[in-house]
Amino acid sequence: MYVARDKDKQLYLFKDLPLRGKECWWAESGVDGTYLRLDNVLFPDVTWESEPLPVSLVSASEGTA
């Protein structure tokens with residue numbers, strides 16, 4: 001999974017590595033179910049100018065003993 005920020009500063013989580021368009025990132029495999037909009041305050045270091053950031057989802061229960 002990857003996190004990328006569009007030129008308008010909206011932040012998205014992508015299932016696969018997205019491609020940069022003129023003003024936003026696109027999922028090559030299609031649109032439905034391939035991305036999720038995130039809260040803009042997350043990942044402040046991710047900008048339009050930066051490359052997508054590889055990320056992983058971790059279940060909250062994985063951190064408990």
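Heavy atoms only: backbone and side chains are in, while hydrogens, waters and symmetry mates are out. Note that the structure is a prediction, hence the values are computed from the model and not measured.
Every ring-ring contact (aromatic ring centres under 6.0 Å, His included) that Y12 has, sequence neighbours left out, goes to Y35.
The main-chain N or O of F43 is found under 3.5 Å from a side-chain atom of R5 such that the two form a donor-acceptor pair. The backbone N or O of E23 lies less than 3.5 Å from no partner atom in the side chain of D6, so there is not a single donor-acceptor pair. With hydrogens and angles disregarded, no donor-acceptor distance shorter than 3.5 Å links the side chain of W48 to the backbone of K9.
Residue L11 is tested with V41, L36, V46 for a side-chain contact (heavy atoms from CB on, under 4.5 Å); the sole match is V46.
Applying the salt bridge (Lys or Arg N to Asp or Glu O under 4.0 Å) rule to pairs touching residues 37-54 yields R20-E51, sequence neighbours excluded. Applying the salt bridge (Lys or Arg N to Asp or Glu O under 4.0 Å) test to residues at least two apart or on different chains, none of the pairs has a partner in residues 52-61.
Y2 has its side chain within reach of P54: a pair of non-hydrogen atoms, C-beta onward, lies under 4.5 Å apart.
To the nearest 0.5 Å, atom CZ of residue F14 and atom CG of residue L53 are 12.5 Å apart.
Note: the hydrophobic cluster containing W25 does not contain L19 (ILVMFWY, side chain heavy atoms under 4.5 Å, direct or indirect links).
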